[in-house]
Amino acid sequence: MSNEAKIYLQQLNDVQRQAVTAMDGPVLVVAGPGSGKTRVLTYRVAHLIEEGVPPWEILALTFTNKAAREMKERIQQVVGPRADSVWAGTFHSIFARILRVEAAHLGYPSNFTIYDTDDSSSVLRAIIKEMNLSPEAYNVNAVRARISSAKSNLITPALYAKDQDLMQQDLLSKRPHLQQIYEKYVARCKRAGAMDFDDLLYRMFELLHTNPAGVREKYQQRFRYVMVDEFQDTNHLQYEIVKKLVIYDNSPRNICVVGDDAQSIYAFRGATIQNILDFEQDFQKHGIRVYKLEQNYRSTSHIVQAANEVIVNNRRQIPKSIWSHKGEGERIRVQKALSDTEEGKRIVDAILEQKNRHHLHNRDIAILYRTNAQSRIFEEYLRRYNIPYRVFGGLSFYQRKEVKDLLAYFRIAVNAKDEEALRRIINLPKRGIGNSTVEKISLQADAQNLPMWDLLPKLPFPARTRNAIDGFVHLIERFQQQAATTSAYQAAIFIAKQSGLVDALKSDTTVEGMGRVENINSLLDGIKEFVENQADGEPGTDTSLAAYIQSISLLTDQDEQAQTEDYITLMSVHSAKGLEFPSVFVVGMEEKLFPSFMAMETPEGMDEERRLFYVAITRAESFLTLSYATSRYRYGQMRYNEPSRFLSEIELNHVEMSGGMGSTLMPGMEPDFDRRPAERARSGVQGNFKQKTANNQLMADPKTFKPSPSDQIQTGMKVLHLKFGEGKVLSIDGARDNRVATIFFKDSDAPERRIMLKFAKLQIL
DNA sequence: CTGCACATGTTTTTT
DNA sequence: ACATGTGCAG
């Protein structure tokens with residue numbers, strides 16, 4: 001079939017199509033918000049398959065299960081059931097799958113446990129306590145972050161000890177023993193047969209690096225085409241793994257990464273846009289092709305332009321100009337409230353009005369906030385007005401205490417070495433094995449470097465404790481037996497009953513207590529469903545409790561299925577990434593909240609907050625409302641905050657003060673964001689990552705640059721662009737305000753650009 | 001070992 | 001405000 005005959009290729013614009021059909025060699029796609037990034041990725045996979053690449057040789061890595069699932073579904077729509085053989089999944093889930101197969105090479109059991117963040121913290125707390133270190137100096141979260149960042153930068157405990165900088169930093173921050181904690185932590189995870197989230201990446205790297213039994217070549221050959229979504233969110237370690245898979249002798253280097261530096265909002269957990277820059281560098285000599293998706297199909301131009309005006313204030317970015325041809329649309333509304341409560345009321349009033357006037361469904365509307373704690377007030381008013389809503393984020397189902405407790409029993413039935421599970425349930429329900437006993441076992445485990453479980457029968461205890469421990473060991477052995485021989489559901493029911501957990505919960509007849517029993521029931525229902533779904537599949541599928549544990553340990557609430565009902569979405573800006581809504585309310589636009597006070601100290605922090613705001617506003621298709629309150633309760637105290645500086649970065653011609661608030665807003669008391677004219681670099685971009693492109697390029701001099709009236713620009717003309725330099729107009733389409741020129745910039749890295757004449761600053765030469 | 005009072009530290013989040 | 005963890009008395 002020729003490319004012309006492929007229907008899916010006709011659904012793409014020029015740049016998108018180029019990115020999709022650039023099959024071999026390295027490809028970087030820089031994709032602005034709403035530019036059809038997902039479409040490019042999925043069609044690219046579909047195209048590879050159509051061109052004869054076996055689907056099982058394609059690896060597509062994403063960050064969320066949801067993104068992976070959506071990608072698979074959409075590939076399926078184009079190529080049918082062949083899509084099932086594509087390796088599409090999150091970094092963590094794909095690597096966990098591989099690691100279970102190769103575990104023996106790393107000295108791990110294939111049924112290793114995956115420790116979540118709580119488990120990691122708890123291991124660290126125990127270590128800090130046992131080392132008699134002060135919990136204040138060794139704040140668990142800080143320690144965990146530091147260890148995580150070491151792992152993400154390929155620094156083992158041994159390398160850490162040799163790293164003068166790191167050791168010095170620890171001395172200065174009064175944590176001289178951090179390296180030892182790190183070392184102990186790694187040893188404990190190992191002996192517990194457990195990997196934390198970073199290990200799933202680190203051990204994968206280790207596997208490819210040390211290359212036991214030629215596994216590296218095995219996976220290099222298996223994954224002949226590799227794709228990475230949201231590349232700006234990858235950390236150093238993830239990129240190193242990708243390189244291991246893709247770079248080798250005679251490698252075709254079929255790697256395609258897609259990302260947007262402006263939407264990088266996870267630097268706080270190690271993501272670095274340096275990867276995008278390194279990628280260009282690392283693959284330069286292998287004929288990298290760079291495509292920039294700059295047309296935004298999602299939002300009206302008031303919104304797109306506001307977004308551009310905001311992001312331009314960041315220091316470093318990959319130059320690009322996002323544009324929309326959806327028309328101006330509505331202006332952005334800015335609402336002021338005198339308190340957080342009033343903000344809640346105003347927003348819900350505005351939602352009612354908007355629903356009426358524009359016939360919106362609830363599902364068309366989202367309220368986005370910086371911190372999850374802000375949801376409460378909106379919930380109150382939405383409930384009062386009887387508007388259905390759903391809060392995303394916060395505590396996940398699998399993080400609830402009672403659920404974790406029962407899961408801990410499951411975990412230990414599958415992997416008895418799992419020490420976090422053991423600690424959690426050894427005295428739950430109370431069976432007379434208290435802290436001092438657990439401490440004793442833990443200390444011995446450390447001394448002998450054996451799992452705590454192995455020591456239970458061996459250590460000497462007073463008779464009463466001995467009895468209790470024997471009873472516990474016997475109980476767990478029965479559970480192990482069940483887990484090994486029956487289906488996940490049967491084993492789960494057995495454990496829930498025999499452990500006494502459910503009975504203990506049932507005796508609590510308070511509302512919360514009943515809720516907990518309810519949660520246990522839905523957990524059990526979920527397991528039943530799991531078993532049935534597995535049984536539906538091919539014969540020989542695994543319905544064991546071990547398989548169930550593995551299937552959920554990388555799941556979160558966000559992965560829950562389907563929006564069939566009509567509700568308003570409440571979520572943090574972070575969770576909103578990748579989503580879009582006709583109408584978006586970004587609330588709490590105040591200094592110290594958005595931008596967060598935690599990030600205001602450093603320029604990097606501020607830039608990340610700004611990118612976050614960029615993500616927030618670019619979620620909106622047609623209506624965008626920004627709201628702030630001059631006072632709000634925080635940590636139990638009333639705080640007074642200025643409106644967010646980000647508001648002042650939007651040009652006033654995109655903005656409309658909310659009607660109805662005139663009464664509270666006296667003349668001369670205008671919100672102060674319009675007093676601060678934003679300092680903005682022309683229409684272009686400040687500071688520029690890529691000096692090298694600027695080198696031999698005829699750059700426009702801002703002092704002498706005089707843009708010509710856009711209606712004078714015609715096909716064939718030579719023009720000068722502030723950012724892209726000299727170019728030739730290849731063609732023009734559209735009419736009047738919507739004229740779009742395709743211009744060839746000879747020195748640009750993506751030479752052919754489509755530029756909206758209405759906004760472009762071009763000088764006729 | 002258990003239960004209760006007090007202290008503490010609060011972004012964002014996927015895996 | 002609030003949840004979670006720790007210290008101390010019984």
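What's counted below: heavy atoms across the whole structure, side chains too, no hydrogens, waters or symmetry copies.
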* Reckon A:S572 has a side-chain N or O less than 4.0 Å from the OP1 or OP2 of B:dT13? -> yes
* Structure fact -> side chain to side chain contact (heavy atoms under 4.5 Å, CB included) filter on A:F268, not counting sequence neighbours, yields A:Y266, A:H574, A:E608
For a quick check of understanding: with a heavy-atom distance under 4.0 Å over all strands, which category does [X] fall into, base, sugar-phosphate or nothing?
| X | result |
| --- | --- |
| A:S596 | base |
| A:N372 | sugar-phosphate |
| A:Y635 | base |
| A:F268 | base |

* Asked: Below 4.0 angstrom, N of the basic side chain to O of the carboxylate: do A:R316 and A:D607 qualify?
  -> no
Rounded to the nearest angstrom, tell me the gap between atom [atom1] in [X] and atom [atom2] in [N].
| X | N | atom1 | atom2 | value |
| --- | --- | --- | --- | --- |
| A:D340 | C:dA1 | CG | C1' | 12 Å |
| A:Y369 | B:dT13 | OH | C1' | 13 Å |
| A:K577 | B:dT11 | NZ | P | 21 Å |
| A:Y266 | B:dT14 | OH | P | 5 Å |
| A:Q232 | B:dT13 | CD | P | 17 Å |
| A:R370 | B:dT10 | CZ | P | 15 Å |
| A:K592 | B:dT10 | NZ | P | 18 Å |
| A:L579 | B:dT13 | CG | P | 13 Å |

* Structure fact -> Output for pair (A:F205 CZ, A:L245 CG), nearest 0.5 Å, gives 11.0 Å
Output a table of nitrogen or oxygen pairs between the protein and nucleotides 1-4 of chain B separated by less than 3.5 Å.
residue: B:dC1; atom: OP1; partner: A:G434; partner atom: N; Å: 2.5
residue: B:dC1; atom: OP1; partner: A:T437; partner atom: OG1; Å: 2.9
residue: B:dC1; atom: OP2; partner: A:S436; partner atom: N; Å: 3.4
residue: B:dC1; atom: OP2; partner: A:S436; partner atom: OG; Å: 2.6
residue: B:dT2; atom: OP2; partner: A:N427; partner atom: ND2; Å: 2.8

* Name all residues meeting the salt bridge (charged side-chain N to carboxylate O under 4.0 Å, His left out) criterion together with A:K577; count only those two or more places apart in sequence or in a different chain, and write none if there are none. => A:E230, A:D233
Interface polar pairs with nucleotides 2-10 of chain C, N/O, under 3.5 angstrom:
none

* To do: Show your working on side chain to side chain donor-acceptor pair (under 3.5 Å) between A:R144 and A:S121 and close with a plain yes or no.
  => CA-CA 7 Å; A:R144 184 165 39 75; A:S121 294; 2.9 Å; yes
* Asked: When the ring planes of A:F231 and A:F279 are compared, do they come out parallel, tilted or perpendicular, using 30° and 60° as the limits?
  -> perpendicular
* Go through the structure and list residues passing side chain to side chain donor-acceptor pair (under 3.5 Å) with A:R610, not counting sequence neighbours. => A:N314, A:E649
* What residues, two or more places apart in sequence or in another chain, satisfy side chain to side chain donor-acceptor pair (under 3.5 Å) together with A:S120? -> A:Y185
* A:L554 side chain: which of B:dT15, B:dT11, B:dT13 is closest? -> B:dT15
* **Test: A:R639 cationic atom under 6.0 Å from A:Y633 six-membered ring centre, within 45° of axis** => no
* Asked: Relative to the 5' end of DNA chain B, which residue comes earlier, A:S553 or A:E136, by the nucleotide with the nearest heavy atom?
  -> A:E136
